[in-house]
Every structure is written in structure tokens, then in C-alpha cells.
Q: 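Shown below is the structure under consideration.
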Amino acid sequence: MSTVSTVNGGISFWYADQGTPTPREPLPGDATADICIVGGGYTGLWTAYYLKKAVPFLNITVLEAKFCGYGASGRNGGWLYNGIAGRDRYAKLHGHEAAVRLQQAMNDTVDEVVRVAAEENIDADIHQGGVLEVAYTPAQLARLKDFHSVEIAFGEKDRVLRGARETGERINVTGAVGSTWTPHGARLHPVKLVKGLAATVEALGVTIHESTPVTEIKPKHAHTPYGTVRAPYILRCTEGFTANLKGQRRTWLPMNSSMIATEPLPRSVWDTIGWDGRETLGDMAHAYIYAQRTADDRIALGGRGVPYRYGSGTDNDGRTQPATIETLRDILVRLFPTTGAARIDHAWSGVLGVPRDWCATVTLDRSTGLGWAGGYVGSGVATTNLAARTLRDLIQQDSGQSGPTELTALPWVNHRVRRWEPEPFRWLGVHGMYAAYRTADRRELTSPRPGTDPIARAADRLSGRH
């Protein structure tokens, strides 16, 4: 397999496929709005969409530092699925039934995104093949069975557990000993979705200013180098780039994830792999992978490279480390040996937002008009949509246009979490945690024992993930 001609960075493969857009005009000076949304990714654009649909006369302004979809929305793995960060913790805090309602809302969200994309004529290569998560060690199989049972307990009655033979009939992952499949998932092209969504909200009358970094958010004020937008509601929708805002350095950790995309694979290779259902594919490793079969028959596969940059730094236009490319390539060939001669066309990276307790949240402070949503921990393609509809309902409730709704009663609403530790402690902690997970994965690959490696258990406890 060759990486000599691999494009590294350039935002992402999805932008190489679609072309990098020409940014819209920046903010021309001081302005006013009814609602100012900071961040032109999925969260910000979905929020603008649902607010404008609900109240067409609203004056909504979106401010984006680069261009819409520059961050995680244009770099992710294209997994539209029903996972949500923090559900187990919400069950402990608010009770099992509250978490079940949150999970059901996420299940429904997958269909909601598909519905809106069709209604608004957004062609994002969406294919509802569900999500297949595989195990290929005894320890992974034990975790997979536990995971499957827990998902059923949270209301996923249509989830299916498969053995080695049935798994291989769906996707021939080398060494797979079992899998779990849910229908609540779809593959999509991230950039096609974000570009279509931006065009849709603009057509509805939403104002989008790109090349306009917001430097500080205060009640009723969003400050930029070009002027200040004043609005009763200022919504922070910046996910992994939140640390760039004044006073937010330790709010959410910008965790790094990296991806590779192969060249289009020939029919002979697909005959050995299968994957005719085009499910999104994950595994049960501690440093897990995520993958999809693209519309043009590539494999796009992602995982953790260098997990965190000192001082909550972010990448340079998606460029990733050569060692990370090699690691992801090795994983690809281990899972699918017949891809060994395939060219890696593109590699890239991006950041996702991680709260200290690993719980996604939606908040509106009614005393200040400040709101935010995020901390999706890599599960944002669908969660952003649910967050946006929840922000809509919270604003309508606060402004007296409606009362409480099912969404405003979900347990992730107005959840508060402590800040991350200062440096160098968070850098040491994150790198130590993922070193432990990688060590545990290596040990489990050669161990016949079904139990999770104790190193991973210790890392889970120390990180606050469980």
C-alpha cells in the first residue's frame, strides 16, 4: 500500500472531493440581530434552520471564523447514528427512564436528518445501512455482548447480535468473532450535508458571515475584529474550537481524531470484503476505529492519532502526523488484507469537543441569554440536530412563544460540568490515558482471556469516562 502520493491535510478528503468553498463576506461592522449564532458547523446551522422555520420573521446572524463546515462538520467520518455522549451518567443522575427518553430522541434524530435532507433537496450520499460494531478478540467480544445488552435495556429492541459467520456475511473483517447491529444509523458525505444546510438556511433568510472569528462572547454581545453583533440571545456552537474563545480555554478539551481515505477500490477487492449493505463500521477496541464505504467505493477509516495538542491547540488545516497515517493504514490492512495494494489518497485530522465528564450538553442561561450546545465527544453528526431542536425549544420557551416540551425536559438540558485541569496536567492526563488504552488493546490482541484488560479499566476510572 502506497502513501507516497497521499494528500495530507487540505481540510479533509470530503473537501478535496467537493472543492473548498469561497468564503462568504465577513461582518462589515457593528450589527444587531434577534439571535446571534457563533459557529457555522452542524450545530449552528441546524439551530438557525429550526429557529427560522419556527419563527420566519426572526433576524438570525451566523458568525463563522473560516467557512461553514471548516471544523468537525467537514472532517468527520460520516456516521449519522444514534450514539450520544454521557447517556449512562445521565441515567445515574436522573434515572433510567430519563436516559431512555434521551436515547429514543437520538433514535428518532437519525430519521429526522434523513427527512430534512430529502425535504430540502440536500443530496449528501445518505444510505441507511445501520451501524455494525465488531469484536475480534475475546475481551472485545465480552464487551460487545455487554454493550448489546445495555443498548437493549435502553430501549433498542431492534438491535441484533451476530456471531462470527453472520458478521462475515455482512462485512468480512479478518478475525471478527461477533458483532452488534442497529438500524439507527446511516452513512453520509459530511461536506455535502454541511454545504447543503448552509445554502438552505441562507435561502430562508439567515445571514451568514464567514472569515469572521469571534474573539469573546458576553451577554448580548459577540465581539469580532470587524465589529460587534448585539442580540438578546448569543448561542455558542463552536465544539472543538471553543478553547479559542476568551475565557473558554478549559471548558471543552479539543480532542484530536484522524482519518484516511483509500482510492476507489475495484470490484475484486469488494468481492472479498462484502459490505454490500454499506453499514457504518466500528469496533470494540479502547482506541476504537470508525469507517464507512463511500458512495464512490473507497474506505474512509478514522481513529485516534496524537490525541491532544498542548495548550488546547488545534491542527493546521487538517494536517496530521505521518506516523498516524501509517498506524491507520496498518489497521485498515489488518482488518481487510486485500486492501494491501491500495493507494491512500488522503489523510486529515480535526478536533472534537470533550467535556470533563464526557457528557454532551445543551444549555440556555435565561438570566443572560447565553446558550450553548456541544461536547459531543465524536458523536455529533446526529446529536447536533437534536441539540439544535432543543435550543429552539428553549429559546421559544424563554421568549414566551411556547411552554416546556419533551425536548426541554431531556436530562442533558442545562447540565453543568467542571472545567478541565490546567496545563501541563491535562496534556499529561490525556496522553497517559490513550497510551494506556493502546497498551490495553495490544495486550488484548494476544490474550485468550475474555475480560477487559485492567490497564484500560484503570484508565476509564481516572479519565472520568465511567
Side-chain angles (χ1 to χ4, degrees), residues 38-39 41-44 47 71-72 83-96 98-99 101-103 105-106 154 216-219 234-257 307-309 311-312 314 351-380 382-384 386-388 390-391 394 407-434 459-466:
V38 180
Y42 290 149
T43 304
T47 302
I84 185 167
R87 185 197 61 191
D88 292 349
R89 179 163 177 78
Y90 287 130
K92 292 178 182 178
L93 292 174
H94 301 278
H96 181 77
R101 289 188 286 107
L102 181 60
Q103 184 60 65
M106 280 304 308
F154 279 101
E216 185 177 12
I217 294 173
K218 292 182 177 179
I234 308 288
L235 306 180
R236 190 187 79 221
C237 303
T238 47
E239 190 56 1
F241 289 86
T242 298
N244 292 342
L245 292 165
K246 184 177 180 180
Q248 303 295 332
R249 180 72 66 183
R250 293 165 53 197
T251 299
W252 290 334
L253 195 82
M255 190 79 76
N256 188 65
S257 193
Y308 171 70
R309 293 176 173 85
S312 294
T314 55
V351 293
L352 48 104
V354 181
R356 187 61 182 84
D357 65 354
W358 302 73
C359 292
T361 58
V362 180
T363 297
L364 180 66
D365 185 338
R366 301 181 72 173
S367 66
T368 63
L370 296 178
W372 57 89
Y376 306 121
V377 196
S379 299
T383 315
T384 51
L386 179 60
T390 306
L391 278 174
L394 287 169
L407 297 186
T408 61
L410 291 175
W412 70 332
V413 172
N414 294 330
H415 175 74
R416 300 287 178 154
V417 60
R418 68 183 176 91
R419 292 155 63 84
W420 282 89
E421 291 78 4
E423 296 291 20
F425 300 109
R426 64 178 181 271
W427 187 92
L428 291 168
V430 173
H431 279 263
M433 176 182 70
Y434 275 97
D460 283 344
R461 288 193 297 271
L462 290 174
S463 68
R465 295 179 71 180
H466 299 289

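Here the structure is a predicted model, which means the values were calculated and not measured.
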Q: Might you point out which heavy atoms bring A99 and P411 nearest each other, and give the distance in Å?
A: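 That would be N-CG, 4.4 Å.
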Q: Should L386 and L407 be marked as a side-chain contact (heavy atoms from CB on, under 4.5 Å) after you check the CA-CA gap, both sets of side-chain angles, and the distance that decides it?
A: CA-CA 8 Å; L386 179 60; L407 297 186; 3.8 Å; yes
Q: Can you tell me how far apart CD1 (I234) and NZ (K218) are? Round to the nearest 0.5 Å.
A: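 Taking CD1 in I234 and NZ in K218, the distance rounds to 12.5 Å.
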Q: Would you give the length of the straight line joining atom CE of M433 to atom CG of D460, rounded to the nearest 0.5 angstrom?
A: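 If we round to the nearest 0.5 Å, M433:CE and D460:CG are 9.0 Å apart.
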Q: Within the side chain of W412, is there an N or O that forms a donor-acceptor pair under 3.5 Å with the backbone of I84?
A: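 No, because the side chain of W412 does not come within donor-acceptor range (under 3.5 Å) of the backbone of I84.
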Q: Report the distance from atom CG of L410 to atom OH of Y90, rounding to the nearest 0.5 Å.
A: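 If we round to the nearest 0.5 Å, L410:CG and Y90:OH are 10.5 Å apart.
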Q: With sequence neighbours left out, what residues match S257 under side-chain contact (heavy atoms from CB on, under 4.5 Å)?
A: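 Checked S257 against side-chain contact (heavy atoms from CB on, under 4.5 Å); matches are Y290, R304, L352.
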Q: Who are the ring-ring contact (aromatic ring centres under 6.0 Å, His included) partners of H431, not counting sequence neighbours?
A: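 Checked H431 against ring-ring contact (aromatic ring centres under 6.0 Å, His included); matches are W427.
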Q: Which salt bridge (Lys or Arg N to Asp or Glu O under 4.0 Å) pairs, counting each pair once, include a residue from residues 421-432, with sequence neighbours left out?
A: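 Sorted pair list: R356-E421, R418-E421, E423-R426.
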Q: Is it possible for you to check whether R236 lies under 6.0 Å from the centre of the six-membered ring of W252, through NZ or CZ, and within 45° of that ring's axis?
A: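 So R236 does make the cation-pi contact.
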Q: When rounded to the nearest 0.5 angstrom, what is the spacing between CZ in R89 and NE2 in H415?
A: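 With rounding to 0.5 Å, CZ (R89) is 5.5 Å from NE2 (H415).
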Q: Excluding sequence neighbours, so at least two apart, what forms side-chain hydrogen bond (donor to acceptor under 3.5 Å, both in side chains) with T238?
A: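 In terms of side-chain hydrogen bond (donor to acceptor under 3.5 Å, both in side chains), with neighbours along the sequence ignored, T238 is linked to T242.
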Q: What are the two closest heavy atoms between C359 and G86, and how far apart are they?
A: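 Closest approach of C359 to G86, heavy atoms only: SG-CA, 3.6 Å.
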Q: So does R309 get a backbone contact from the side chain of N256, meaning a donor-acceptor N/O pair under 3.5 Å?
A: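 Not a single qualifying donor-acceptor pair exists.
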Q: Which atoms form the tightest heavy-atom contact between V354 and W420, and what is the distance?
A: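 In this case the closest contact between V354 and W420 is O-NE1, 2.8 Å.
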Q: Taking only residues two or more places apart in sequence or in another chain, which ones pass salt bridge (Lys or Arg N to Asp or Glu O under 4.0 Å) with R101?
A: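 Checked R101 against salt bridge (Lys or Arg N to Asp or Glu O under 4.0 Å); zero matches.
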Q: Could you pull out all residues at least two apart from T361 that satisfy side-chain hydrogen bond (donor to acceptor under 3.5 Å, both in side chains)?
A: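 Scan of T361 (side-chain hydrogen bond (donor to acceptor under 3.5 Å, both in side chains), adjacent residues dropped) gives none.
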Q: Using a 3.5 Å cut-off and no angle test, enumerate the donor-acceptor pairs between side-chain atoms of residues 372-380 and protein atoms at least two apart in sequence or in another chain.
A:
unit_1 : atom_1 : unit_2 : atom_2 : d
Y376   : OH     : T43    : OG1    : 2.8
S379   : OG     : Y81    : OH     : 2.9

Q: Could I get the full list of salt bridge (Lys or Arg N to Asp or Glu O under 4.0 Å) partners for R249, not counting sequence neighbours?
A: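 If we apply the salt bridge (Lys or Arg N to Asp or Glu O under 4.0 Å) test to R249, skipping adjacent residues, there are no hits.
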Q: Could you tell me which residues satisfy salt bridge (Lys or Arg N to Asp or Glu O under 4.0 Å) with R250, sequence neighbours excluded, listed by chain and number?
A: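 Not a single residue meets the salt bridge (Lys or Arg N to Asp or Glu O under 4.0 Å) criterion with R250.
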Q: Holding to side-chain hydrogen bond (donor to acceptor under 3.5 Å, both in side chains), I want the full list of residues that pass it with R419, two or more places apart in sequence or in another chain.
A: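 For R419, no residue satisfies side-chain hydrogen bond (donor to acceptor under 3.5 Å, both in side chains) once neighbours in sequence are set aside.
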Q: Sequence neighbours excluded, which residues qualify as ring-ring contact (aromatic ring centres under 6.0 Å, His included) partners of F241?
A: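 Testing F241 for ring-ring contact (aromatic ring centres under 6.0 Å, His included), a comparison that skips the adjacent residues, returns none.
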Q: Do L391 and V362 have side chains that approach each other closer than 4.5 Å (heavy atoms only, starting at C-beta)?
A: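 Yes, side chains in contact.
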Q: Measuring from T368:OG1 to I217:CD1, what's the distance to the nearest 0.5 Å?
A: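 Rounded to the nearest 0.5 Å, the OG1-CD1 separation comes to 11.0 Å.
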Q: Start with the C-alpha distance between V351 and M255, add both sets of side-chain angles, then the distance that settles side-chain contact (heavy atoms from CB on, under 4.5 Å), and finish with yes or no.
A: CA-CA 5 Å; V351 293; M255 190 79 76; over 6 Å; no
Q: One pair to check against side-chain contact (heavy atoms from CB on, under 4.5 Å): V413 and T363. What are the steps and the verdict?
A: CA-CA 6 Å; V413 172; T363 297; over 6 Å; no
Q: For A388, check side-chain contact (heavy atoms from CB on, under 4.5 Å) against everything at least two apart and list the hits.
A: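 For A388, the residues satisfying side-chain contact (heavy atoms from CB on, under 4.5 Å) (neighbours in sequence not counted) are W46, T47, Y50.
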Q: Mind checking the CG-CG spacing from N414 to L394? Nearest 0.5 Å is all I need.
A: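 If we round to the nearest 0.5 Å, N414:CG and L394:CG are 6.5 Å apart.
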